[in-house]
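These numbers come from the heavy atoms of this one structure, side chains and all, not from hydrogens, waters or symmetry mates.
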Amino acid sequence: MAPTIRSPFRRTLALMASAAILAQAGVSGIAYAQTAPETTAPGVTAPAPASPETAAPAPTPPVPAAPQQTAPIQAAVPNNGPASVADLAEGLLDAVVNISTSQKVKDDEGAGPAPRAPDGSPFQEFFNDFFNKQQGNKGGNHNVSSLGSGFVIDPAGYIVTNNHVIEGADDIEVNFANGSKLKAKLIGTDTKTDLSVLKVEPKTPLKSVKFGDSSEMRIGDWVMAIGNPFGFGGSVTVGIISGRGRNINAGPYDNFIQTDAAINKGNSGGPLFNMKGEVIGINTAIISPSGGSIGIGFSVPSELASGVVEQLRQYGETRRGWLGVRIQPVTDDIADSLGLDTAKGALVAGVIKGGPVDDGSIKAGDVILKFDGKTVSEMRDLPRVVAESTVGKEVDVVVLRDGKEQTVKVKLGRLEDSDQAAASGDSAPDGSQDDGVITPDPGENNDMDQPDSGDQAKPAPDTPDQHKGQVPPDAATPKNVLGLSLSLLSAETRKAFGIAESVDGVVVTEVTPGSASAEKGLKPGDVIVEVAQEFMKSPDAVAAKVQALKQEGRRNAQLMIASSNGDLRFVAVPME
């Protein structure tokens with residue numbers, strides 16, 4: 001039995017209902033739809049009906065009140081998003097296609113023993129028959145099919161999709177909205193942006209769409225995705241741009257648009273439209289624990305994709321600009337050691353021999369702040385803007401060198417020309433491919449401040465500027481700086497640590513455990529080439545430069561470190 005509802009509550013409820021009716025005045029059907037149902041669902045307790053004495057005073061909406069409320073409600077409607085995208089979708093659906101691929105895969109011969117049903121089980125005979133047949137077919141081939149999405153960019157039959165949709169396919173078929181199917185030929189693919197261009201031969205011109213400018217899109221702008229999720233072709237979803245410039249570690253040029261428009265398996269390669277019907281993104285990836293959409297999808301922005309697609313159409317390959325430098329992030333410690341107010345730009349850790357800037361226009365230790373008029377806010381910005389630049393183009397590069405900003409001109413090479421350099425050991429230590437610049441793993445991004453073990457002077461090893469007749473420099477006669485035992489490079493130390501003849505500087509023979517240098521990853525056999533962009537010839541020079549930096553009020557000493565084979569990196573070691 002429903003509990004008794006007290007009269008004051010009924011009056012309050014009646015007033016609230018009246019207010020709701022007033023608020024909805026002028027919006028046909030909404031207020032009445034909210035109050036029309038008179039039945040109660042089973043198991044739901046309904047409020048007790050109002051008594052006559054309570055119901056009688058219930059106010060009736062005054063007639064003049066309706067016009068006063070109408071204008072604010074109508075003015076607020078556009079802020080709730082587009083009333084409908086039916087007209088927009090209708091004009092675009094024919095340009096979005098489903099892509100079906102098949103691939104012959106050899107059966108796995110090392111799958112292990114077949115499962116067995118327990119003896120006496122009613123399914124034992126079935127298991128034995130089934131898995132005996134399977135084992136008899138080992139070594140054969142079977143077809144694997146997959147589905148994805150794409151869109152037509154040229155009535156002549158050029159279609160854009162993701163590389164991972166068609167990668168390794170033996171057969172590619174394009175399914176159109178009208179039910180027709182055409183075999184497709186792969187024109188070109190780019191694994192670094194996960195984009196591919198296909199070509200079909202239609203009998204009549206196809207409906208196509210064009211790229212828009214994703215750089216004009218703002219967070220919160222409405223977008224629409226069309227694709228083939230889970231094989232359901234021509235599916236339309238709507239959302240907003242949730243974020244820009246997302247890095248999901250999918251490749252060297254990550255700059256994804258994040259959207260909450262539903263993107264699922266099968267949407268890959270499909271377009272993300274703005275409300276003008278222009279493609280501003282290519283749906284590529286989602287984050288999902290379950291495999292379904294949770295409202296976090298990623299699209300390759302058109303500002304990156306359009307150039308790649310055009311090159312694939314023209315050449316069947318990409319032709320990216322190449323700068324020929326090795327870079328690393330500018331950490332807070334490095335920024336402090338260089339006198340930068342904030343950590344920004346890309347720190348040049350080395351220059352590739354024979355590369356475009358091997359002429360000295362850009363040097364190790366430079367911080368690239370702008371490239372061809374585009375600001376380099378962080379390290380990962382540089383590979384993208386370099387790769388997007390035209391091969392052979394002369395560009396202005398703003399660098400920080402010796403504490404001052406300078407503008408230098410460089411002429412870009414072609415990225416493919418760097419393959420030999422990358423193969424010879426100039427590629428990133430993590431095995432990643434050259435991406436216009438080569439990005440080493442810095443390994444020293446630790447902001448912990450640790451006191452050094454003292455700069456106590458010890459008997460200096462033999463140097464050109466020291467007294468003659470001392471013992472040859474080795475680990476027994478080091479100078480201790482920043483927790484590092486330092487010695488001159490000699491034939492003995494080169495042999496002991498396997499240091500190449502091309503490497504020059506001051507060798508680290510020992511690192512004090514727990515010191516700031518140890519925290520930054522320095523190890524015996526490393527060679528200090530520069531301190532604060534000044535070449536070091538001896539352990540005494542290192543000690544003197546560190547002391548000078550302390551007197552200048554610097555908290556960190558920037559060291560250029562060479563590995564035994566000559567790979568360079570920069571490390572900012574706290575001096576406090």
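- Residues D358 and I352 fail the side-chain proximity criterion, which asks for heavy atoms closer than 4.5 Å.
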(message) Between F298 and I287, does the side chain to side chain contact (heavy atoms under 4.5 Å, CB included) criterion hold? Intermediate values first, please.
(response) CA-CA 8 Å; F298 300 97; I287 289 180; 3.6 Å; yes
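- Listed here is the closest heavy atom pair of Q558 and S337: CB-OG, 3.3 Å.
- A donor-acceptor pair under 3.5 Å links the side-chain atoms of T512 to the main chain of G483, judged by distance alone.
- Nearest heavy atoms, N283 versus S299: OD1-OG, 2.6 Å.
- Summarising the geometry of V376 relative to A346, their closest heavy-atom pair is CG1-N, 4.1 Å, with the distance given to 0.1 Å.
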(request) Go through the steps for Q328 and T331 under the test side chain to side chain contact (heavy atoms under 4.5 Å, CB included), then give the verdict. (result) CA-CA 9 Å; Q328 69 178 68; T331 63; over 6 Å; no
(request) Decide side chain to side chain contact (heavy atoms under 4.5 Å, CB included) for V408 and V357; before the verdict, give the C-alpha distance in whole Å, the side-chain angles of both, and the deciding distance to 0.1 Å. (result) CA-CA 10 Å; V408 297; V357 295; over 6 Å; no
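- Looking at S288, its side chain never comes within 3.5 Å of a backbone N or O of I294 through a donor-acceptor pair.
- The shortest heavy-atom contact between A225 and A261 is CB-CB, 4.5 Å.
- Between the side chain of N264 and the backbone N or O of G292, no donor-acceptor pair lies under 3.5 Å.
- The distance from the CD1 atom of I327 to the CG atom of L347 is 9.0 Å, given to the nearest 0.5 Å.
- Between the CD1 atom in I528 and the CG atom in L522 there is a gap of 7.0 Å [rounded to 0.5 Å].
- Between the side chain of R494 and the main chain of V503, a donor-acceptor pair closer than 3.5 Å is present.
- The backbone N or O of I241 sits nowhere less than 3.5 Å from a side-chain atom of T259 that would complete a donor-acceptor pair.
- When all heavy atoms of R554 and D336 are compared, the closest pair comes out as CD-O, 4.0 Å.
- Between R401 and D366 there is a salt bridge, with a side-chain nitrogen of the basic residue lying less than 4.0 Å from a carboxylate oxygen of the acidic one.
- Between the side chains of S215 and D213, at least one donor N or O lies within less than 3.5 Å of an accepting N or O.
- For E278, the side chain to side chain donor-acceptor pair (under 3.5 Å) test picks out N274, with sequence neighbours left out.
- Here the side chain of T407 pairs no donor or acceptor atom with the backbone of D396 at under 3.5 angstrom.
- Between the side chains of S538 and D540, no donor-acceptor pair is found at a separation under 3.5 Å.
- Minimum heavy-atom separation, V410 to S361: CG1-OG, 3.6 Å.
- Between the CZ atom of F535 and the CD atom of E530 there is a distance of 8.0 Å, given to the nearest 0.5 Å.
- Contact annotation: the side chain of R246 never approaches that of I296 to less than 4.5 Å [non-hydrogen atoms, C-beta and beyond].
- Distance check: D254 CG to T193 OG1 gives 10.5 Å after rounding to the nearest 0.5 Å.
- In this structure, CG in N163 is found 13.0 Å from NZ in K192, a value given to the nearest 0.5 Å.
- The closest side-chain heavy-atom distance from V386 to P383 is not below 4.5 Å.
- For N162, the side chain to side chain donor-acceptor pair (under 3.5 Å) test picks out T284, with sequence neighbours left out.
- Within the 4.5 Å cutoff, the side chain of R313 has no heavy atoms near those of the I187 side chain.
- Remark: side-chain polar atoms of Q311 are paired, donor with acceptor, to backbone N or O of R319 under 3.5 angstrom.
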(message) I'd like to know whether K363 forms a side chain to side chain contact (heavy atoms under 4.5 Å, CB included) with V348, so could you lay out the CA-CA distance, the side-chain angles of the two residues, the decisive distance to 0.1 Å, and finally the verdict.
(response) CA-CA 7 Å; K363 303 177 181 179; V348 178; over 6 Å; no
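- Atom CG of L340 sits about 10.5 Å away from atom CG of D332, to the nearest 0.5 Å.
- Under the 4.5 Å side-chain criterion, counting only non-hydrogen atoms from C-beta, I99 is in contact with L198.
- Looking at L312 and T318, their side chains come closer than 4.5 Å, going by heavy atoms from C-beta outward.
- Between E303 and R244, at least one side-chain nitrogen of the basic residue sits less than 4.0 Å from a carboxylate oxygen of the acidic one, meeting the salt-bridge criterion.
- Side-chain contact between F151 and I159 is absent, with no heavy-atom pair separated by less than 4.5 Å.
- Comment: D526 engages R569 in a salt bridge, judged by a side-chain N to carboxylate O separation of less than 4.0 angstrom.
- Contact annotation: the side chain of R320 approaches that of V308 to within less than 4.5 Å [non-hydrogen atoms, C-beta and beyond].
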